[in-house]
Amino acid sequence: MAIKFSEDLVPLSELKVNPGRVVKHLTESHRPVLLTNRGRAVAVVQSVEDYEKGEEELAFMRAVVAGLADLEAGREVSLDDARARLDLK
């Protein structure tokens, strides 16, 4: 999801004039848009769908890292114990 500077830089003035075009670009490209004001970066905008997907991926990766840290620290339980704690059969 890297920004393509040739396509994904949008001046604030262009966003004000044609917001629909910017939103369409976001949803079709699945890349964030870098908003600029007087040539300086001021904000990054992305579609809600892409934001939510990124947040879910980040949460999953954090859980994986936490699980690996638990394994390295010896904090583990058997599958049978986990099922019993979760009341699963």
Grouping ILVMFWY residues whenever side-chain heavy atoms fall under 4.5 Å, the cluster of Val22 otherwise contains Val10, Leu12, Leu15, Leu26, Val33, Leu35, Val42, Val45

Cluster membership besides Val23, Ile/Leu/Val/Met/Phe/Trp/Tyr side chains within less than 4.5 angstrom, sorted by chain and number, is none

Hits for side-chain contact (heavy atoms from CB on, under 4.5 Å) against Leu9, two or more places apart or cross-chain, chain-then-number order -> Phe5, Leu34, Thr36

What pairs of donor and acceptor atoms, side-chain ones from residues 70-82 against any protein atom, are under 3.5 angstrom apart with sequence neighbours left out?
unit_1	atom_1	unit_2	atom_2	d
Asp70	OD1	Arg75	NE	2.9
Asp70	OD1	Arg75	NH2	2.7
Ser78	OG	Asp81	N	3.1
Ser78	OG	Asp81	OD2	3.3

The remaining residues in the hydrophobic cluster of Val48, counting side-chain heavy-atom contacts under 4.5 Å among Ile, Leu, Val, Met, Phe, Trp and Tyr, are none

The side-chain hydrogen bond (donor to acceptor under 3.5 Å, both in side chains) partners of Ser47 (sequence neighbours excluded) come to Asp50

Hits for side-chain hydrogen bond (donor to acceptor under 3.5 Å, both in side chains) against Glu49, two or more places apart or cross-chain, chain-then-number order -> none

Those residues at least two apart in sequence (or on a different chain) that pass side-chain contact (heavy atoms from CB on, under 4.5 Å) with Val17 are none

Heavy-atom nearest pair, Lys24 first then Thr27, reads O-OG1, 3.0 Å

Grouping ILVMFWY residues whenever side-chain heavy atoms fall under 4.5 Å, the cluster of Leu86 otherwise contains Leu88

Would a 4.5 Å heavy-atom cut-off, applied to side chains only, mark His30 and Lys53 as touching? no

